[in-house]
Each structure stands twice: as structure tokens, then as C-alpha cells.
Trainee: 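Structure in C-alpha cells, see below.
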Amino acid sequence: MACLFFRMPVSYINIAVPGTSRRLFTYSFDIIDKSGISPGDRVLVPLGRRKAIGYYIEKAPSVPKTGLKSIIEIIDRKPLFSAELFSFLRWMSDYYFAGIGDVLRAALPPEMRKLKQHKHSSGDLPGVLKGYKIDLTLIDNDAIRQPLSTLDIDCASKNDILGIGISDYKFRKLIGQKVIQPVYGLPDILPYIKPRPEIKGLKPTSEQTTAIKSISGNMGSFKPILLYGITGSGKTLVYCRAAEEVMARSKTVLILVPEIALAGTLLASFRAFFGDRVALMHSALKAKERLLIWQNIKNGTYRIVIGARSAIFAPLDNLGLIIVDEEHDESYKQDDPSPRFQGRDSAVMRARMANIPIVLGSATPSLESFHNAQSGRYELIKLTKRPEKAETPVVRLVDLTKERVTRDNLFFTKTMASHIKKSIKNKQQVILYLNRRGFSPRIKCTNCGDSPICPHCMVTLTYHRSGNKLMCHLCGYTTFKGDTCEKCGKGEFLYIGTGTQKIEDKIGELFETARMVRLDSDSARGRERAHHILADFASHKYDILLGTQMVTKGIDFPDVSLVGVLMADIGLDMPDFRASEKLFARLIQVAGRSGRGIIPGEVIVQTFKPELDLIDDAARQDYDTFYDREIKSRELFKYPPFSHLVNFRLSSRKETPLEKNTLAFKISL
């Protein structure tokens, strides 16, 4: 796909406007400007009765249309996208059938998408305020100089200065006299995640050395590499050493992770190796911070970018390596808003277009990636051992049809409870996993038998005791009527099923001396909450960590001796051809959180179906057997990787025309 980059006036240009159809709009370009315009640059255009931000795509055909409107203004005076990145974004638009305007908009920080603040472009912000520099040589008054000299004169906070008796009026006056001057800098990158300096001193094992050499040997050419390593096998060290090789060649590195909140170990390791050259891109950052980070990635201050799926748009120049950690994770898929894309697959294409290697790492590779490795499209590298003295944990299956729970203990068998008590007694830690958040999956009115459902998705609402609310876990619809039945008006409910909030209550009753914390998308709301929960657990403020799939990946606690899976069957009955694969991956991943240090690890899995092959495979950590059986099923029913699936969504404010047009669309297929 050829893109013409030029800096010269043209007569007619095609513009993409986000939120419109996939068509391009043609405008006249009458501005005499020596700087010209480049593909991807933002322009201000008239659109109907309003003004909108559009993106220049290409020069229009030479035959002009009559009555064309002219663009109002060129916003950017420097190109926003390199030719390589712009070509990738056009590919994404075509492949995922998304408007190119929507794709270009998604590739920019939120502050650069707003009409009112459209002036923002690279290089026009000084940074975030870090503090104030104090020039003592400009102070004649000893009564002021003396207390100020006790502060950090290179970067003191306003509170520090006011705290020594300086009034707010005097503070402003000292700024006017240049005695106190603001100090600007780049945002702190999760300051509560401390570097792990010890990782730099680790000597790679023979398997890790082989992986590092293979990655380094493919620099400068497109090569997909599947790094299949068991949990705790040291994939992070391989990533860091490979990135060192890239940095030594003056190139940049892009690393994708499923969720920033759960990538603490990876972030701490990269900070130890590369310090301030590492940038994080994620939605929890403030708007100005995201803009500053984007600018400094573009100007080369940051050489390594770590981020969730949207980091695929990072404006890195001279890209040398892409790494996708936990490549199997479903979080890499974006459903809404447009563009709807698969982050891992897009990363492979970006690597191909940049002609560089890409590493896909996982302890439970997706069937598509492993199939590509088996067929020779990807290179397969295995890490089969944990380094040093760490051993894979022992897995014990508990059959819930035989060792039944009691009325007084609905969630913990005697086996599970006794092992938890033993670990706590030995001053060791426990992780408990249940893939269902909330207090109870369903509530039923005891008067009329009604179970509240979502008016949009027509699925049962989940009850959350925190806030006394009912919530749809598909669309997010929430209603605060958990104490009254909407159908009959009564307030007597039967709470059916199990959620993490209900388990939390029971833990307090069974293990009274244990300190417990819950980690799920409810308890971890907010910018830093998940990090603080994990940091507190790491510092032994808690004995038990209870959570959903958030506790299955990216965390490394050497004192965890026991992982308990409370109900392994949840999710298996979902109408999804990937249900078995997802359940298997979660069981393997959560089991891998145990025994990562010198303390031997154990995993107890409570299940109603211990005879299931995938449960048995997970208990034996046997990915190969699971893959061989599952890939045959995929081939039999022509599911991916033996086909491509396309999801068509049709929506309307009115049901009748939607039904009519949906049927017509179905017939046309």
C-alpha cells in the first residue's frame, strides 16, 4: 500500500472524519503554506453545519468536484505519523473494516482528539509540574533564607514551602521575584512499582540463553517466535535480555501486556534494566500525562514502550522488536469502540511491515499461535524448567460430588480448608481463585419467582452487595433496586450461586485470624487500586488473596505456598467454542502462582467434573495433550485456525425495521 508523503500545496484532498461512514470527504485546499500537509495530519473542516477534526489521507483525483468546501485550517505543522506507522494504520482500517478516521483518532492521545483543544501537537507542553526550584542567592532576608535552606532546593513541593511558615501571598511573590521557579518534567511511571535490581544479576539458564540468541539472531528481519514457557520459567528475563540487544543497536522496543495493573513483575524488571527510558501507555493515566508520554515517545526520549492493546499505536521510530506477553489472553481483543481489533494479531502485522522479529510469550499459547508454530509459520522455543530451586507445584483434584460441602461451609471442602489453615499457620500465603465476581450471580424473588434481567441484553443481572446494586456484566447496565422486586414490589430475595463477595464473607467466618484482601474488577476500581492491593499482599499485610482471573496472570509472590481453585467448572458451559481453551489457560495460569520461590507449591482444584480431560490435563500441566485433542475438534467443526469468523452487528432504535433489515441481510449472505 503506497503512501505519498509530500510538503507542497495541492488543490483537492481526501479527508477522513471519525464517527462517519467509511467514505472519504473531498475538500479544496487553497491555503498557501510552505509547510504543506502529510498523510495523517489533522485538519479542521466544515461538516454539514458543524466543524470537525478530520485527517488528511491522500491527494484527490485530478478532476475536481463542483461546489467543494475548503478546509478551514491545518492543525499540525509536523507529521503526526511516520510513513511506516501510517501504512500500518491503513492496513488496520482495511482488515478490520473500520473507518480510517476512527483508526487515526484511536492512535492519538485523547487531548488531541478534542475540537476545543485541537492545537495540541508534539513539542508544545513543558511537562507536568514536579515541584519548585529555590535560588537562595536571590534572598536577602535571613528570616526567609534560613527555613528555605532546609528544603530540597532543587525540587521542593508547594506544601513543603508553605509548611515552613511561608504564606500563600509570600509564595506567589517569591515566584514573581524568580526566587522560586516551577520545575517541569515527565510523569512518574507508577512510582509505587519499584525496580528489581536483582534480576540484572541473574544468569540465564541454558534454555533462556537459547531463546535470547534465537531472538537476537533474527534482528532486522520479520520472524514470529512463539516463546512457550511454563509458569515461572523466566520469560521476563528473556524479554529483558533480548531488549538489551535491540537497544544496543539504537532501536526501540514495543511490549504489549494484557493489563497494566497486573504487569507489576514485568514493569519492575524493565525498570531495573532500562530505568527512565521505559514508558507506559494505558488508560488510567491523566489526559495531560498521556499527551506528554505520547510526545516523548515520538521525539525519542522513551525507547521502550509497555502498554495494553492500545499501545500498538505507539509512535516509535526505528522499531526493532515487538513482544506480546501472555499472547493467549482474551483482553487483547477490543470489542468497542471502533476500531475493533485483535491486539496480538495486529502486532504480528506491524512487525511484518517493519521487517522485525516479534515474540509471542505464554505458558498456555492460543491454539491459533501454537498451530502456526506446528505448521512452521512461527518458530517455536520452549522453556520447560523453572530456574534455580523452584519446582512446579503439586496439583490435587477434589471431587465435589464425593467430598461434598456442608450447609455451614458452602464453598470450602474439608481438604481445602485444612490446607489453607496449614499454610496460614506456617506464615505462608494463599491465593484463592473463583472466576465470578459480585455477591451472587442471580437473585430470585421468593414471592413471585422473578429474576431481574438486563433490559438491553436480556441476561440475568448479578447482585453486588457493595452498593446494593444489580449489574449486567455484558453492557454495564446498573440499577440500584436490589432490595425491591420490580415485578411485585416485595423485598424477599433468594441469593443463588456464588460470587467473590460472598466468598469473602465466608473466609472471615472460617479463618478468623487470617487477613484477607479481594482483587476483582469491583475492588480494583480506580487508577492505582490494583497495584496497591498487590503491593500490600507482597509485603505480607494479607495472608489470603481472593480474586477472579485478575489473580491468574502477571503476579509473582515467592511466599505463596497454596493456590485454591474453588470451582473449576465455571465458564465451561458458556456458548463459546473457546470455552475449553479459556478454562484450561486460567487453571494453568493460576496454578503457576504457587511455588515460585524456595517454598514448595501446592494447588487444590475443587471440581464437579474431575473426569474431564481438560481438568486432568491442567492438573498435569500438560498443554501438548490438551492441544492435540482440542485442535482436532476445531478442525472437525471448521473453527479457527481452520477458518475465519466474522461477527456482523446490526442495531437500530426501532425493532421493526431492524428485524426486517436483519432478515434481508441474512438472505443476501
Trainee: Could you walk me through whether Tyr477 and Thr479 pass side chain to side chain contact (heavy atoms under 4.5 Å, CB included), step by step?
Mentor: CA-CA 7 Å; Tyr477 168 78; Thr479 178; 3.8 Å; yes
Trainee: More than 12 foreign heavy atoms under 6.0 Å from CZ of Arg377: is that the case here?
Mentor: no
Trainee: Work out which heavy atom in Met247 is nearest to a heavy atom in Ile304; give both atom names and the distance.
Mentor: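 That closest heavy-atom pairing would be SD-CG1, 3.9 Å.
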Trainee: Shortest non-hydrogen contact from Val103 to Pro339?
Mentor: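 Result for this residue pair: CG2-CB, 3.9 Å.
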Trainee: Report yes or no: does Ser338 contribute a side-chain atom to a donor-acceptor pair with the main-chain N or O of Asp102 at less than 3.5 Å?
Mentor: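 Checking the backbone N and O of Asp102 against the side chain of Ser338, no donor-acceptor pair under 3.5 Å is found.
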Trainee: Decide yes or no on salt bridge (charged side-chain N to carboxylate O under 4.0 Å, His left out) for Glu368 and Arg578, but give the supporting numbers first.
Mentor: CA-CA 11 Å; Glu368 290 86 348; Arg578 289 192 174 96; 2.8 Å; yes
Trainee: Are any side-chain N or O atoms of Ser346 and backbone N or O atoms of Gly343, one a donor and one an acceptor, separated by less than 3.5 Å?
Mentor: no
Trainee: Hey, what do you get for CG (Leu254) to CD1 (Ile356), rounding to the nearest 0.5 Å?
Mentor: 8.0 Å
Trainee: Inspect the contact between Lys654 and Glu659 and indicate whether a charged nitrogen and a carboxylate oxygen are less than 4.0 angstrom apart.
Mentor: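 Result for this pair is no, no salt bridge flagged.
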Trainee: Would His371 and Phe642 count as a close aromatic pair, with their ring centres under 6.0 Å?
Mentor: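 Yes, ring centres under 6.0 Å apart.
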Trainee: Using a 3.5 Å distance criterion without hydrogens, assess whether the side chain of Asn661 forms a donor-acceptor pair with backbone atoms of Pro657.
Mentor: yes
Trainee: Could you tell me whether a side-chain N or O of Arg350 sits under 3.5 Å from a main-chain N or O of Ile312, the two making a donor and an acceptor?
Mentor: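 Judged by distance alone, yes, a pair lies under 3.5 Å.
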Trainee: Using only heavy-atom distances, determine whether the side chains of Ser366 and Arg344 contain a donor-acceptor pair under 3.5 Å.
Mentor: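 The criterion, which ignores hydrogens and geometry beyond distance, is satisfied for Arg344 and Ser366.
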Trainee: Just so I know, are the side chains of Glu73 and Val43 near enough to count as touching, which here means a heavy-atom distance under 4.5 Å?
Mentor: no
Trainee: Just by modelled atom types, is the Lys286 backbone N or O under 3.5 Å from a matching donor or acceptor in the Glu289 side chain?
Mentor: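 Checking the backbone N and O of Lys286 against the side chain of Glu289, a donor-acceptor pair under 3.5 Å is found.
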Trainee: Rounded to the nearest 0.5 Å, what's the gap from CE on Met550 to CD on Glu259? Could you check?
Mentor: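 The distance works out to 5.5 Å.
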Trainee: Determine whether Phe25 and Asn14 make a side-chain contact, defined as any pair of heavy atoms from C-beta on separated by less than 4.5 Å.
Mentor: no
Trainee: Under the 3.5 angstrom rule, does the side chain of Glu581 hit a backbone N or O of Leu367 as a donor-acceptor pair?
Mentor: yes
Trainee: Side chain of Asp329, backbone of Pro258: donor and acceptor closer than 3.5 Å?
Mentor: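 A pair under 3.5 Å: no.
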Trainee: So, Asn218 side chain and Ser214 main chain: donor-acceptor pair closer than 3.5 Å or not?
Mentor: yes
Trainee: So, for Gly54 and Ile15, which heavy atoms are closest and what is the spacing to 0.1 Å?
Mentor: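 The pair with the smallest heavy-atom distance is CA-CG2, 3.7 Å.
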Trainee: What is the distance from atom CD of Gln342 to atom CE of Met349, rounded to the nearest 0.5 Å?
Mentor: 13.0 Å
Trainee: Please report the C-alpha distance between Asp325 and Tyr239 in whole Å, then the side-chain angles of each, then the deciding distance to 0.1 Å, and finally whether the side-chain hydrogen bond (donor to acceptor under 3.5 Å, both in side chains) criterion is met.
Mentor: CA-CA 9 Å; Asp325 190 36; Tyr239 299 155; 2.9 Å; yes
Trainee: Hey, could you give me the OG/CD distance between Ser369 and Gln374, rounded to the nearest 0.5 Å?
Mentor: 12.0 Å
Trainee: Mind telling me whether Phe577 and Tyr639 have parallel, tilted or perpendicular rings, with 30° and 60° as the class edges?
Mentor: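 If you compare the ring of Tyr639 with that of Phe577, the planes turn out parallel.
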Trainee: Minimum heavy-atom separation for Phe270 and Ala243, please, with both atom names.
Mentor: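 Shortest heavy-atom separation between Phe270 and Ala243 comes out as CE2-CB, 3.9 Å.
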Trainee: Testing Trp294, Phe88, Phe341 for ring-ring contact (aromatic ring centres under 6.0 Å, His included) with Phe313, which one passes?
Mentor: Phe341
Trainee: Does either side chain, that of Asn296 or that of Thr301, offer a donor lying less than 3.5 Å from an acceptor on the other one?
Mentor: yes
Trainee: Within the structure provided, determine whether Leu68 and Thr26 are in side-chain contact (heavy-atom separation under 4.5 Å).
Mentor: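 Yes, close enough: below the 4.5 Å cut-off.
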Trainee: Would you say that Ser38 contacts Phe81 through its side chain, given a criterion of any heavy-atom pair below 4.5 Å between the two side chains?
Mentor: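 Not in contact.
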Trainee: Are side-chain heavy atoms of Ile381 and Ile225 found at a separation under 4.5 Å?
Mentor: yes
Trainee: Charged N to carboxylate O under 4.0 angstrom, Arg340 versus Asp336?
Mentor: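 Looking at Asp336 together with Arg340, the answer is yes, because their closest N to O distance falls below 4.0 Å.
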Trainee: Ring centres under 6.0 Å, that's the criterion: do Phe648 and Phe97 meet it?
Mentor: no
Trainee: Do we see a donor-acceptor contact under 3.5 Å between the side chains of Arg309 and Gln334?
Mentor: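 Indeed, the side chains of Arg309 and Gln334 share at least one donor-acceptor pair under 3.5 Å.
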Trainee: Under 4.0 Å between a side-chain nitrogen and a carboxylate oxygen: does that hold for Arg42 and Asp76?
Mentor: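 Looking at Arg42 and Asp76, the cut-off is met.
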Trainee: What's the shortest heavy-atom distance between Pro18 and Tyr55, and which atoms?
Mentor: CG-CE1, 3.6 Å
Trainee: If you measure from CD on Glu327 to CG on Asp345, what distance do you get to the nearest 0.5 Å?
Mentor: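 Answer for the CD-CG pair, Glu327 versus Asp345, is 9.0 Å.
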Trainee: Do Glu111 and Lys288 have side chains that get closer than 4.5 Å, going by heavy atoms?
Mentor: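 No - every pair of side-chain heavy atoms lies 4.5 Å or more apart.
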Trainee: Spell out, as yes or no, whether a donor-acceptor pair under 3.5 Å connects the side chain of Lys298 to the backbone of Leu80.
Mentor: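 Checked: pair present.
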Trainee: Do the non-hydrogen side-chain atoms of Ile215 and Glu245 ever get within less than 4.5 Å of each other?
Mentor: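 A side-chain contact is absent here, since even the closest heavy-atom pair is not under 4.5 Å.
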Trainee: Begin from the C-alpha positions of Glu330 and Arg586 and carry the test salt bridge (charged side-chain N to carboxylate O under 4.0 Å, His left out) through to its verdict.
Mentor: CA-CA 11 Å; Glu330 58 197 277; Arg586 288 169 186 167; 2.6 Å; yes
Trainee: Do the side-chain N and O atoms of Thr252 and Asn318 include a donor-acceptor pair separated by under 3.5 angstrom?
Mentor: no
Trainee: How long is the gap from NE2 on His328 to OG1 on Thr364, to the nearest 0.5 Å?
Mentor: 3.5 Å
Trainee: Kindly indicate whether the side chain of Asp335, heavy atoms from C-beta on, has any atom under 4.5 Å from the side chain of Arg649.
Mentor: yes
Trainee: Determine the minimum heavy-atom distance between Ile260 and Met281, stating which atoms define it.
Mentor: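 Scanning both residues, the minimum pair turns out to be CG1-O, 4.3 Å.
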